[in-house]
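Please read the structure below before turning to the comments.
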Amino acid sequence: MSIKLSALAEELGLEYTGADIEISGVNTLDKAGPDEISFLVNPKYQQQLETTKAGCVLTSGPYAERVRSALVSTNVYMDLAKIINLFAKPQGCLTGVSELAFIHPDASVDGTATVYPFAFIGEGAEIGSNTVLFPGVYVGEGTRVGANCILYPNVVVMGGLSLGDNVILQPGAVLGGDGFGFAQTPAGHMKIPQIGTVAVEDDVEIGANSAIDRAALDTTRIKRGTKIDNLVQIGHNVEIGEHCLIVGLVGIGGSTVVGNGVILAGQAGVADNTRIGDGVIVGGQCGVSGKLEPGVKVSGTPAMPYATFLKAAGVCVPKLPDMFKRLKKLEMELESMKKAVGEDNE
Amino acid sequence: MSIKLSALAEELGLEYTGADIEISGVNTLDKAGPDEISFLVNPKYQQQLETTKAGCVLTSGPYAERVRSALVSTNVYMDLAKIINLFAKPQGCLTGVSELAFIHPDASVDGTATVYPFAFIGEGAEIGSNTVLFPGVYVGEGTRVGANCILYPNVVVMGGLSLGDNVILQPGAVLGGDGFGFAQTPAGHMKIPQIGTVAVEDDVEIGANSAIDRAALDTTRIKRGTKIDNLVQIGHNVEIGEHCLIVGLVGIGGSTVVGNGVILAGQAGVADNTRIGDGVIVGGQCGVSGKLEPGVKVSGTPAMPYATFLKAAGVCVPKLPDMFKRLKKLEMELESMKKAVGEDNE
Amino acid sequence: MSIKLSALAEELGLEYTGADIEISGVNTLDKAGPDEISFLVNPKYQQQLETTKAGCVLTSGPYAERVRSALVSTNVYMDLAKIINLFAKPQGCLTGVSELAFIHPDASVDGTATVYPFAFIGEGAEIGSNTVLFPGVYVGEGTRVGANCILYPNVVVMGGLSLGDNVILQPGAVLGGDGFGFAQTPAGHMKIPQIGTVAVEDDVEIGANSAIDRAALDTTRIKRGTKIDNLVQIGHNVEIGEHCLIVGLVGIGGSTVVGNGVILAGQAGVADNTRIGDGVIVGGQCGVSGKLEPGVKVSGTPAMPYATFLKAAGVCVPKLPDMFKRLKKLEMELESMKKAVGEDNE
C-alpha cells in the first residue's frame, strides 16, 4: 500500500510542505528511505534531521522548516498513530471460524468473528462482531466478549466475565483467575471461593501474561480506556478508573480503588485497600498504601512526594556514610569544647 | 439453590438470631438483598449494618445484636468460606474426557477425571480421581497429578513432576520449567541441564502465570497447605514450608529454604541460598538475603526489623534533606563558637 | 546409561583419582550413591566430603585429595554441565509432526523438526531442523525459527519475528506482543500500532512466562548467548547485548540499550531510554535510569555504587532514628553551650 503525501495530509487534516511524494511506509529517522515518512518529537534527536533519508518527516512547525518535505502536526504521536494504522497489517493469517476450535453448542459467536484452531468457547459465552480469538484462547461459560476485540494466543478469560468493545488482550493474559482469599483456621488456610467477576470496559488493553483476579463476591473492574502493560497483577475487587496507564510488573492488592487518569510506573506496588485519587502519578518501584490525594506525584517505599524522594533518596541517602562521620566529628568536637569551656569556667 | 437460615446454622454448628429466612446467596453488605446473607469482620465497615438490605449477617457477637437477623461466628472468614462453598458453582462446562484432548496411550487417567479439549497428557503420566484438566493444560511424561486437583486453562506441568491431592493451579501457571543455571566458560554461559524435579504437596494453590522451576539435580518442593499468588517466581531447589502465604510478584532465588507459616508480601524478593525461619513475615517489596530467625517481621531493602523500617524509611528518610541542613548549620555554629571561645581564651 | 570413570575423564579431558568405577548418574553430595558422581565448588559444603556416599566427586585439586575417587577440574560447573548432559533425558515423549497440530499450507517445517499436538504454525513461517514445538505453541505468520530450538508448551511467538539457532523458550514465554505505546489525545490514549519486530539471536534462553515486546517500528533485539530468567518484561525497541544474565522479574523499559556481559539481578528495574555499559552488574530490586558506565556495580533505588549502597542503605538507614536523636541532642547541647558561653562572655 502507498499513498500520496497530499492525500495523507488531507486524510489527517494537516498541512504539508515540499514535494507531493508517494509514501509507502513509516520508519525511524535513521532507517527511513525516500519513500517513507518518519517523525520527530524529542528535540534530542533533531540532529538526525540533517542526515535522514526519509522522504517526509511528521513533526511540529519549527522542525518542519528544516527538512525537504514535512507533514506539520501539533500532536505528532497522535498523527503518527493514525499514519501507522494506515500501513499496519494486523497479526494473524486466518479468517472465519476454524473447525479445529471447540465451540460449545450453546455459545453464541457472531458471524463476523474469527476463531482460530484450538480456541475454546464455553457454554453460553458470547463473542461479538469482528472479534478475533487466536489459538489457545479460552473463553469460559457465560462470558461475554464485545465487538472488535482481539484476544491474542493463549489468553484465558474465565467464566462469568464481561468484556466491552475494542478490548485487546495480549498473549497469555489471564482474566478471572481466583482472587487470593483464605480464612485462617486451626487446620491451615481455608480457601474462600471467589464467586465474583471481572468487568473490563471498552477500549481497554491488557498486556502479555498479566493477571486480573475475579472478585470474591462482587466485581473487579477495569474502566474504559485504561491501558495495562505486561506482567501486571491486579487483585480481587480492585477498581481501576478510566484512562489509566499501568506499566509492567506493577502489583495492586485487593479492594484497592484507583481513580481516573492515574499513571503507575513499572514495578510499583500498591497495598490492599488503598485509595488513589484521580491523576496521581506513582513512580517506578514505589510502594503505596493508605490514601493518595488527587494529582499528587509520589515515589519511594514507603511513598513520599516525588520532589522529596529525589532529594532524600537520590541525593541524601548515598551521602549518609559521610554524614554519619560528620555527626560523629561534631559530637567529639562538642565534647572537647564542653571540656574546654568547663575548664575555662572553673 | 437456597437454604433455610436454621439449616445453615445447623450445618455450620452456629447460633442464629432473628427470623428463619430462606437464603439464596452471599453478597457484600452494600449489595446484598433480603434473600442473601452478608458478613462483617472489619469494624471500619460497621456503619453499613444500619443500611444493609441483607436478610442476614454473618458476624461476631457484638455486631449480631445490631441487625435483624444474624449468624453468630467466632471465625467469620472460616464460616464465610463454608457458606460460599454451598453456593459456589465451580468453573467449567464439561465433564468426562474429551475426544479432542491428547492422551498418550501409556498415560493413566482416572475414570472420574475431567479432561477438556486441547489438553495434553504425556507418556506414563497419571491423573487422579476427580481431577480436572482445562483446555490447553500440558502434563508432561511421567508426571503424577493427585486427586481432586484443578489445573485451569493453559497450565503447564512439565515431565517427571509430582503433585499431591487438592492442588489448584490457576491459569497459565508453569511448573517444572528449567532452573536458571549456567556455567561460565570462555565461550559464554553454558547451560547446566536441569534434571531435578518439582514436588507440590497436598492442598497447595499456585496463582495465575506463576513459575516454579525444577531443581538442577534434586527437588524444588512446595509443602502442604501453602498458597502462592499470581506472577510469583520460585527458583530451582527452593523449599517452601507448610501453610505459607506468598503474595503476587514475589521472587525467590535458587536453593532458598523457607520455613512453615511464613508470609511474603507482594513484590518481596529473596536472594539465592537464603534461610527464612518459621513464622517470619516479610513486608512488601522487601529484599531479603542471608538468614532470618523464626518469628521476625522485616521490611526494607536490605531487610531490617519492621519497627525500625517504619521509623527509618517511613519517618526519617523523607526528613533527610532537612536533616542535612540542620547538620550543616550545627557545623557552622560550632565552627564560629570555636572561634569565639578561642578568641575568648586568647 | 552408565559410563566408566576413565571414559568420562577421557571424554572431558580431565584427570581422575581412585578406582575406575562405573557411573550411572549425577547427584548432590548428600544424595549421591556409590554409582553416582557428585561435585563440590563452594567451600561451605566441604564437610560433606567426609560423609558423602558418592562414588566419585568432581572438584578442584585440593578437595580431590580428600575423597576416595575424584575427577579433577579447573572449571567444575562447566564440566558438571557436560556430565549432566550425558545423563540428561530431554523433556517430551513424541517425535515427528503431529496430525493434531495446525500447520498452515504455506508454512515450512524442516523434516527433522518435532511438532506436538495443538501447536499452531502460521502462513509463511519457517521451522528449522531438529527444532521442537511443544503443545500450545503459537508461531505467527512469517516468523522464522532456527535450528535446534526448543519452544516449550504454550510459548507464543507472534508474526514477523526471527529466532536464531539453539534458542530455548521456557513454557508460556511471549515474544512479539505489542509494545506499550500510546499517543495522548483529548479522547484518551490512542494506540500506536506496533509494527516492528523482535530478533532473538543464537544460543539465547528465555524463561517461563517472560514477555519480550515487539518494537514500535524497528527491532527489539536479544543478542547471542544472553540468558533471561522467568517473568522478565522487556519493552519495545530494547537492545540487550551478548552473554547477559537477566534474572527473574526484572523489567526493562522501552528503547533501553544494555551492553554485553551485563548482569541484572532479580526484580531490578530499568527505566525507558537507559544506557547500560558492558559488564555492568545491577543488584536485586535496583532502580536504574540514565546512563551507567561500563563495569560499574550498582544497587539501590535510585541506583548508586554498590559499596555506597552497602554502607548507606545497609548500615546507615536502619540507624537513622538513633541518628536523629543524636542530632537533636547536639542541637540542644550547642544551644545551651551558646547560652553558657554567651553568659560567660557577658
Side-chain angles (χ1 to χ4, degrees), chain A residues 102 104 118 120 122-124 136 138 140-141 154 156 158-159 172 174 177-178 180 182-185 188-193 195 209-211 213 217-218 231 233 235 249 251 253 267 269 271 285 287 300-302 304 308 311-313 315-317 319 323 326-327 330 333-334 337 340-341 344, chain B residues 26-28 31 75 77-78 80-81 84-85 87-89 91-93 100 116-118 134-136 152-154 168 170-172 203 205 207-209 225 227 229-231 242-243 245 247-249 266-267 284-285 300 313-314 317-321 323-324 327 330-331 334 337-338 341 344-345:
Chain A
F102 175 90
H104 194 284
F118 319 133
F120 179 99
E123 186 177 3
Y138 176 89
E141 64 283 355
N154 295 341
V156 175
M158 296 301 297
V174 172
D178 285 341
F180 198 63
F182 303 92
Q184 310 312 311
T185 79
H189 308 297
M190 179 185 286
K191 183 174 178 73
I192 300 178
I195 60 173
N209 287 337
S210 285
D213 281 350
L217 291 174
D218 198 342
L231 294 165
Q233 147 70 358
L249 291 160
Q267 294 179 327
Q285 300 187 324
T301 304
M304 63 191 87
T308 304
K311 278 185 272 180
V315 178
C316 296
V317 166
K319 290 183 183 162
M323 210 249 238
R326 286 163 59 189
L327 185 66
L330 270 182
E333 289 183 357
L334 195 69
M337 190 177 307
V341 171
D344 196 44
Chain B
V26 193
N27 219 327
T28 54
K31 299 258 168 98
N75 187 339
Y77 280 127
M78 183 181 74
L80 177 67
I84 298 180
N85 253 320
F87 293 103
K89 194 184 151 305
Q91 289 280 317
C93 61
L100 298 176
Y116 276 76
F118 318 133
F134 276 82
Y152 282 110
N154 294 343
I168 300 175
Q170 297 291 339
D203 305 315
E205 178 163 346
N209 286 340
K227 313 295 184 182
D229 199 358
N230 301 342
L231 294 166
E242 301 178 357
H243 304 299
L245 292 175
V247 183
L249 291 161
Q267 294 179 326
Q285 300 187 323
V317 166
K319 290 182 182 162
L320 280 177
M323 210 250 237
F324 271 61
L327 185 67
L330 270 184
E331 287 170 337
L334 194 70
M337 191 177 309
K338 269 157 73 176
V341 172
D344 195 45
N345 284 352

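Throughout, a chain's letter reflects where its sequence line sits, starting with A, and its residues are numbered from 1.
- Both the backbone and the side chain of Gln233(A) come within less than 4.5 Å of a heavy atom in chain B.
- Lys89(B) contributes atom NZ, which lies 12.0 Å from atom CD1 of Ile195(A) (distance to the nearest 0.5 angstrom).
- When heavy atoms are compared at a cutoff of 4.5 Å, Asn75(B) approaches chain A solely by way of its side chain, counted from C-beta outward.
- Using a 4.5 Å cut-off between heavy atoms, Met304(A) contacts chain B through its side chain alone, with no backbone atom that close.
- Pairing each heavy atom of Thr308(A) with each of Pro318(B), the nearest pair is CG2-O, 3.4 Å.
- Proximity to chain A (any heavy atom under 4.5 Å) is shown, for Ile84(B), by both the backbone and the side chain.
- Across Pro171(B), Ala313(B), Ala208(B), the residue that shares the most heavy-atom pairs under 4.5 angstrom with chain A is Pro171(B).
- With a 4.5 Å cut-off on non-hydrogen atoms, Gln91(B) touches chain A through its backbone and its side chain both.
- The minimum heavy-atom distance between Pro193(A) and Asn85(B), with the atom names listed, is CG-OD1, 3.5 Å.
- Not a single ring-ring contact (aromatic ring centres under 6.0 Å, His included) links Tyr77(B) to another residue, sequence neighbours left out.
- Contact between Leu231(B) and Asn209(A) at its shortest, heavy atoms only, is CD2-O, 3.4 Å.
- Residues Gly122(A) and Cys93(B) share a closest heavy-atom pair of CA-SG, 3.8 Å.
- With a threshold of 4.5 angstrom between heavy atoms, Glu205(B) approaches chain A through side-chain atoms but not through N, CA, C or O.
- Side-chain N or O atoms of Asn154(B) include one that pairs as donor or acceptor with a backbone N or O of Gly136(A) at under 3.5 Å.
- In this structure, the portion of Met337(A) lying under 4.5 Å from any heavy atom of chain B is its side chain and not its backbone.
- Looking at Tyr138(A), the atoms closer than 4.5 Å to chain B (heavy atoms on both sides) all sit in the side chain, from C-beta outward.
- Panel note: side chain Glu331(B), backbone Leu330(A); no donor-acceptor pair is recorded below 3.5 Å.
- Expressed to the nearest 0.5 Å, how far NZ of Lys227(B) lies from NE2 of His189(A) amounts to 7.5 Å.
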Handout entry: Residues Phe120(A), Phe118(B); criterion ring pair (Phe, Tyr, Trp, His ring centres under 6.0 Å); working and verdict
Key = CA-CA 9 Å; Phe120(A) 179 99; Phe118(B) 318 133; 7.2 Å; no
Practice task
Apply side chain to side chain contact (heavy atoms under 4.5 Å, CB included) to the pair Leu245(B) and Phe182(A), showing each step before the final yes or no.
Solution key: CA-CA 9 Å; Leu245(B) 292 175; Phe182(A) 303 92; 4.2 Å; yes
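- Comparing His104(A), Gln184(A), Met323(A) by how many heavy-atom pairs each has under 4.5 Å with chain B, the most go to Met323(A).
- Contacts of Asp229(B) with chain A are made by both backbone and side-chain atoms, with heavy-atom separations under 4.5 Å.
- In this structure, the separation between OG1 on Thr301(A) and CD on Gln285(B) is 4.0 Å, given to the nearest 0.5 Å.
- Counted within 6.0 Å of NZ on Lys191(A), heavy atoms from surrounding residues, nucleotides or ligands total more than 12; the atom is thus considered enclosed.
- A donor-acceptor pair is defined here as one N or O able to donate and one able to accept, closer than 3.5 Å; no such pair exists between the side chain of Asp178(A) and the backbone of Gln170(B).
- Atom OG1 of residue Thr28(B) and atom CG of residue Leu217(A) lie 6.5 Å apart, to the nearest 0.5 angstrom.
- When all heavy atoms are compared, the tightest approach of Pro153(B) to Met158(A) is CD-SD, 3.8 Å.
- Neither the backbone nor the side chain of Phe87(B) comes within contact range of chain A; no heavy atoms are under 4.5 Å apart.
- If you measure heavy-atom distances from Leu327(B) to chain A, the contacts under 4.5 Å come from both the backbone and the side chain.
- Interface remark: Phe102(A) contributes backbone and side-chain atoms alike to the contact with chain B (heavy atom separation under 4.5 Å).
- If you tally non-hydrogen atom pairs under 4.5 Å between each of Gly159(A), Gly188(A), Gly251(A) and chain B, the highest count goes to Gly159(A).
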